[in-house]
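The structure under discussion appears below in the form of structure tokens.
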Amino acid sequence: MLRQSIESLALLLFALPALAAGPLTLVSEDEARLPAGEVQKMRGITRGPTVELISPKPDAKNVKSPLDFKLRFVAHGGASIDAESVQLLYVKSPSVDLTERVAANTSADGISIGQAALPPGEHVMVVSVTDSSGRRGQSVFKLSVGK
């Protein structure tokens with residue numbers, strides 16, 4: 001009984017910092033107010049990695065914040081994803097590099113944030129990633145966050 005109580009307390013203490021931290025601010029209100037930017041498209045045809053928006057669904061409108069934010073990276077041709085190459089940009093003028101904010105939630109499989117906070121509005125982001133063969137993939141997506 002005492003051992004169970006100690007283990008339960010240890011688990012609670014381990015989880016407390018994450019609970020206290022609350023949602024991860026993916027985009028601040030000040031950043032959302034910046035002028036719209038332009039997406040710099042990649043040139044050339046390669047079989048680079050694919051970036052898929054898993055959550056929220058790509059066609060979802062007016063999702064509520066904080067939201068479940070998940071991207072999946074898929075390598076092709078026997079290559080693997082270079083997790084250190086992942087870059088997430090918020091398309092504004094000037095663009096806002098969100099890479100450091102999501103670094104703790106990034107792996108070779110993708111980006112997974114249980115609670116990402118964004119202000120209401122349309123948010124355009126560009127994700128780029130490189131595979132072990134040096135091929136680069138890029139995906140542009142829009143999140144529509146309601147009030």
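This is a predicted model, so every value here is computed, not measured.
- Looking at heavy atoms from C-beta onward, L24 lies out of side-chain contact with Q115 at the 4.5 angstrom threshold.
- The CG atom of L71 lies 9.5 Å from the OG atom of S55; values are rounded to the nearest 0.5 Å.
- Through direct or relayed side-chain contacts under 4.5 Å between Ile, Leu, Val, Met, Phe, Trp and Tyr, V39 connects to V91, V124, V126, V140.
- To the nearest 0.5 Å, atom CZ of residue R136 and atom OG of residue S85 are 6.5 Å apart.
- Take S112 and apply the side chain to side chain donor-acceptor pair (under 3.5 Å) test, not counting sequence neighbours, and it matches K70.
- Counting only residues at least two apart or on different chains, the salt bridge (charged side-chain N to carboxylate O under 4.0 Å, His left out) pairs with a member in residues 94-114 are E31-R101.
- Here the straight-line distance linking atom CZ of F69 with atom CG of L26 works out to 5.5 Å at 0.5 Å rounding.
- When all heavy atoms are compared, the tightest approach of P119 to S28 is CG-O, 3.8 Å.
- The stretch residues 55-64 participates, sequence neighbours left out, in no salt bridge (charged side-chain N to carboxylate O under 4.0 Å, His left out) pair at all.
- In terms of the side chain to side chain contact (heavy atoms under 4.5 Å, CB included) criterion, residue partners of S133 (sequence neighbours excluded) are, by chain and number, A79, D131, R135.
- For D30, the salt bridge (charged side-chain N to carboxylate O under 4.0 Å, His left out) partners at least two apart in sequence or on another chain are R33.
- Each ring-ring contact (aromatic ring centres under 6.0 Å, His included) pair with one or both residues in residues 105-138, not counting sequence neighbours, appears once here: Y90-H123.
- Remark: S139 pairs with no residue by the side chain to side chain donor-acceptor pair (under 3.5 Å) rule, at least two apart or across chains.
- Among pairs with a residue in residues 84-94, none fulfils salt bridge (charged side-chain N to carboxylate O under 4.0 Å, His left out), at least two apart in sequence or across chains.
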Could you give me the CA-CA distance, side-chain angles and deciding distance for N62 and V145, then say whether side-chain contact (heavy atoms from CB on, under 4.5 Å) is met?
CA-CA 4 Å; N62 295 317; V145 179; over 6 Å; no
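- The shortest heavy-atom contact between S107 and A83 is C-CB, 3.8 Å.
- L89 and L118 are not part of a single hydrophobic cluster, where members link through side-chain heavy atoms under 4.5 Å apart.
- Partners of E52 according to the side chain to side chain donor-acceptor pair (under 3.5 Å) rule, which considers only residues two or more places apart in sequence or in another chain, are R72.
- Applying the 4.5 Å side-chain rule to ILVMFWY residues, one finds that I54 remains a lone member of its cluster.
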Check against side-chain contact (heavy atoms from CB on, under 4.5 Å), L53 and L143
CA-CA 10 Å; L53 177 62; L143 300 176; 4.2 Å; yes
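- A search for side chain to side chain donor-acceptor pair (under 3.5 Å) contacts involving S144 returns E122, not counting sequence neighbours.
- Put simply, OG1 on T50 and CD1 on I81 are 8.0 Å apart, with the number rounded to the nearest 0.5 Å.
- Checking side-chain atoms of T99 against main-chain N and O of Q87 turns up no donor-acceptor pair under 3.5 Å.
- V127 places none of its side-chain heavy atoms less than 4.5 Å from the side chain of Q138.
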Let me see the working for I113 and D68 under side-chain contact (heavy atoms from CB on, under 4.5 Å), right down to the final yes or no.
CA-CA 6 Å; I113 303 169; D68 188 31; over 6 Å; no
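- One distance of note links CG of N105 with CD1 of I111; it measures 8.5 Å at 0.5 Å rounding.
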